[in-house]
Amino acid sequence: MKSISKILSICLLAVLLLTACGAKPTSEQGGYVLTTALKDGQLVFVGVGSDIEGVVNPALKVQPGEEVTITLINGEGAEHDIFFPDVDAKTERVSGQGKVTTLTFTAPDRDGAFVYMDSVPGHAEAGMQGYLLVGDAEVPALAEATGMDMSVSADTSAPSAQPTGVTVAYALDTAMQDGRMVFLGKGGDIDGKANPDLKANAGDTVQITLTSADGIQHNIFFEGANAQSEDVVGLGSSTTLEFMPDRDGTFAYYCAIPGHRQAGMEGKFIVGSGVENVSAVQSGMSDMNMTSSPAAAAGPADANAVDIVHDPMDIPPSVGARGPEHVRIDLETMEVSGMLADGTTYTYWTFNGLVPGPFIRVRVGDTVEVHLKNSITSANAHSVDFHAVTGPGGGAVATQTKPGKETMFTFQALNVGLYVYHCATPMVADHISNGMYGMILVEPEGGLPPVDREFYVMQGELYTTQPFGTAGQLTRDTDKLLNEDPEYFVFNGASMGLTSDAHSLKAQVGETVRIFFGVGGPNFTSSFHVIGEIFDRVYDQASLTSNPLTDVQTTTVPPGGATMVEFKLEVPGRYILVDHALSRMQRGLAAYLVVEGPDNKDVFDGVITPGGGH
């Protein structure tokens with residue numbers, strides 16, 4: 001169940017925009033703004049602005065024959081409309097949080113109380129109806145006493161069921177099982193079953209008790225009944241949802257936290273015979289509702305957002321000529337509000353508060369002891385999978401870590417190379433996209449040959465509900481992630497994050513530089529290129545025991561892969577690191593290598609023309 005204040009805060013920016021664009025949010029101008037919400041287990045309309053602010057199913061007062069404008073904002077994501085049957089006026093249906101529709105009609109030319117409702121099947125019965133009061137009319141006494149006039153029903157093909165007086169109760173725990181998030185039945189016939197079939201008859205009172213057994217934020221939503229629980233946050237927290245199914249059918253229930261349904265938290269709710277709309281429900285479950293929702297408005301930017309960009313020069317020194325040792329690595333998974341761009345913030349999931357996570361440096365033969373702590377403030381479980389590990393899950397099987405807990409495992413570094421590590425908690429792509437990736441370098445005996453400068457750069461993607469360039473606090477979009485439709489491409493976490501004075505790569509003429517480059521992804525291959533330079537040596541696919549490629553312009557790095565490139569700097573200037581799929585520059589993907597020192601006109605001689613962008 002979502003509080004009215006939370007729903008209204010989501011809609012605030014949309015209301016301001018509507019007002020600026022000439023919408024009529026107050027009754028003084030013959031118009032009203034309503035949003036949709038869940039309150040006390042019911043679907044309702046909630047007033048926005050003026051004298052109806054926060055009022056549930058508010059009475060809308062107008063004069064006979066007055067032109068009325070109604071603006072409907074979808075506040076919680078389900079499909080809705082608003083219908084005035086007495087004047088045969090209905091909005092378009094809107095689905096997706098933040099979606100807006102507007103309707104203008106002429107009020108009846110006589111005094112009276114006229115019903116308005118949501119005509120989506122079952123929604124009026126679930127609580128979404130109120131009155132349009134024309135002239136001096138008042139809300140009917142029955143409606144005031146009950147909060148709903150049941151003598152009026154929505155236009156629905158499925159009749160409402162009468163209460164049976166039977167209560168059907170189920171208890172579910174949230175859990176991780178076989179690499180998936182699941183609902184786990186507790187007690188009775190469903191005990192120990194993952195995502196069990198839940199059964200009831202139309203008209204029964206259904207009670208669902210949901211308990212967090214994994215410490216992660218969850219809820220449960222029932223399609224067909226449009227019923228959603230409060231979120232459970234923290235190990236052992238629980239909530240109870242109560243509702244009454246009104247018709248036979250087979251419907252999905254699932255966790256509505258973004259990404260959790262796709263990670264495995266979905267089952268079937270069978271009402272009565274279960275035969276009505278079975279094919280439609282099965283079709284809907286098979287495609288997992290992959291269609292992207294319309295973009296929601298961004299909230300205000302977080303004034304307390306932090307810089308999450310990992311400085312590319314923050315690299316530990318080479319292991320040198322030392323022998324094998326026991327090395328301890330401490331990682332902490334942290335969910336932080338970070339600066340994506342100027343005026344734009346985003347909630348990142350990180351290792352040690354930065355994107356990418358720490359650059360880890362060991363040598364072949366080392367025994368590595370990994371400690372993973374999940375911050376008590378996290379809403380999700382996290383883990384780590386090292387591509388350098390020989391063992392199940394790269395360590396992920398031993399590090400599925402609940403908020404406030406710590407896990408540990410050891411491995412021996414058997415293979416030389418530069419390897420990606422990332423979170424491997426379902427939905428894995430969601431965790432990676434939000435910033436949970438980094439690299440570990442396993443050096444050969446004696447270490448790598450010395451160079452003058454080393455840099456650490458990783459490429460990733462962000463899938464935000466709001467379009468690229470939107471100001472404010474952005475939200476992640478699981479549908480876009482699954483459709484591989486990112487809004488942002490980033491180096492080290494932020495849009496153009498390695499172009500600032502604070503985080504650009506810096507070197508001097510005559511120096512040899514080495515770039516450790518990896519792709520967290522989770523989906524897109526990079527064509528890594530430095531504009532104005534040629535790689536003297538490329539260790540393709542980060543194979544450091546193979547002979548390097550030489551004199552390379554662009555090298556390909558897949559998601560979950562890496563490369564090491566080296567080149568000598570001959571000429572001063574600003575060199576731009578790019579993915580040579582260059583449209584991605586327009587979505588925030590560029591970094592600067594700033595080289596200072598004397599001109600070398602034997603190598604390059606020309607007058608710098610303005611406007612070139614270099």
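All values below were derived from every heavy atom in this structure, side-chain atoms included, with hydrogens, water molecules and symmetry-related copies excluded.
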Problem - Expected output: side-chain Arg476 to main-chain Asn434 donor-acceptor under 3.5 Å - result: no
Practice task
Give a yes or no on whether the backbone of Gly127 and the side-chain of Asn57 come within a donor-acceptor separation of less than 3.5 Å.
Solution key: yes
Handout entry: Pair Tyr116 + Phe45: ring centers closer than 6.0 Å
Key = yes
Problem - Donor-acceptor under 3.5 Å (Thr174 side chain, Ala213 main chain) - result: yes
Problem - Closest non-hydrogen atom pair between Arg110 and Val134, with its separation - result: O-CG1, 3.2 Å
Per-pair distances, 0.1 Å, donor-acceptor, side chain in residues 197-208, under 3.5 Å, sequence neighbours excluded:
unit_1 : atom_1 : unit_2 : atom_2 : d
Asp204 : OD1    : Thr164 : OG1    : 2.6
Asp204 : OD2    : Asn201 : N      : 2.9
Gln207 : NE2    : Glu242 : OE1    : 2.9

Exercise for the section: Start with the C-alpha gap between Tyr463 and Asp479, add the side-chain angles, then the distance that decides, and say whether side-chain contact (heavy atoms from CB on, under 4.5 Å) holds. Expected result: CA-CA 9 Å; Tyr463 298 80; Asp479 291 335; over 6 Å; no
Completion exercise
d(Asp173 CG, Ser238 OG) to nearest 0.5 Å is 9.5 Å
Problem - Thr71 (side chain) donor-acceptor with Val33 (main chain) under 3.5 angstrom - result: no
Problem - Minimal non-hydrogen separation, Gly192 against Leu184, with atom names - result: O-CD1, 3.5 Å
Practice task
Kindly determine whether Asn219 and Ser229 satisfy side chain to side chain donor-acceptor pair (under 3.5 Å), including the steps that lead there.
Solution key: CA-CA 6 Å; Asn219 57 35; Ser229 74; 5.3 Å; no
Handout entry: Full working for side chain to side chain donor-acceptor pair (under 3.5 Å) between Asp302 and Ser337
Key = CA-CA 7 Å; Asp302 185 353; Ser337 180; 2.8 Å; yes
Problem - Side-chain donor/acceptor of Thr91 to backbone N/O of Asp81, under 3.5 Å - result: no
Exercise for the section: Please check if any side-chain donor atom of Thr345 sits under 3.5 Å from a side-chain acceptor atom of Gln473, or the reverse. Expected result: yes
Practice task
Walk me through it: do Asn74 and His80 pass the test side chain to side chain donor-acceptor pair (under 3.5 Å)?
Solution key: CA-CA 7 Å; Asn74 190 314; His80 294 289; 5.0 Å; no
Fill in the blank from the handout: In Phe183, Tyr170, Tyr254, Phe269, the residue satisfying ring pair (Phe, Tyr, Trp, His ring centres under 6.0 Å) with Phe222 is Phe269
Handout entry: Listed partners of Glu487 passing salt bridge (charged side-chain N to carboxylate O under 4.0 Å, His left out), at least two apart
Key = Lys480, Arg587
Handout entry: Short side-chain to backbone donor-acceptor contact, Thr239 and Leu210, under 3.5 Å
Key = no
Handout entry: Between Phe251 and Tyr253, ring centroids under 6.0 Å
Key = no
Exercise for the section: Determine whether Ile52 and Leu34 make a side-chain contact, defined as any pair of heavy atoms from C-beta on separated by less than 4.5 Å. Expected result: yes
Practice task
Taking the side chain as every heavy atom from C-beta outward, state whether Asn380 and Thr425 have any pair of such atoms under 4.5 Å apart.
Solution key: no
Practice task
Say whether, by atom type as modelled, one donor and one acceptor occur between the side chain of Gln262 and the main chain of Thr478 under 3.5 angstrom.
Solution key: no
Problem - Side-chain (Thr250) to main-chain (Gly274) donor-acceptor, under 3.5 angstrom - result: yes
Problem - Partner residues of Thr240 under the side chain to side chain donor-acceptor pair (under 3.5 Å) criterion, sequence neighbours left out - result: Thr209
Exercise for the section: Quick one: closest heavy-atom pair of Ala252 and Glu266, and the distance? Expected result: CB-OE2, 3.7 Å
Handout entry: Check: Gln466 side chain, Thr475 main-chain N or O, donor-acceptor pair, under 3.5 Å
Key = yes
Practice task
Could you walk me through whether Glu335 and His382 pass side chain to side chain donor-acceptor pair (under 3.5 Å), step by step?
Solution key: CA-CA 10 Å; Glu335 298 172 13; His382 297 294; 2.8 Å; yes
Problem - Under the salt bridge (charged side-chain N to carboxylate O under 4.0 Å, His left out) test, residues paired with Lys402 that sit two or more places apart - result: none
Practice task
Report the residues that fulfil side chain to side chain donor-acceptor pair (under 3.5 Å) with Ser495, sequence neighbours left out, ordered by chain and then residue number.
Solution key: none
Handout entry: Test item: Val94 and Val100 side chains (from C-beta on) under 4.5 Å apart, heavy atoms
Key = no
Completion exercise
Sorted by chain and residue number, the side chain to side chain donor-acceptor pair (under 3.5 Å) partners of Thr377 (sequence neighbours excluded) come out as Ser375
Practice task
Answer yes or no: are there more than 12 heavy-atom neighbours, outside Glu484 itself, under 6.0 Å from its atom CD?
Solution key: yes
Problem - Side-chain touch Met427/Leu482, heavy atoms, less than 4.5 angstrom - result: yes
Exercise for the section: Look at the side chain of Asp214 and the backbone N and O of Ile216, then say whether any donor-acceptor pair between them is shorter than 3.5 Å. Expected result: yes
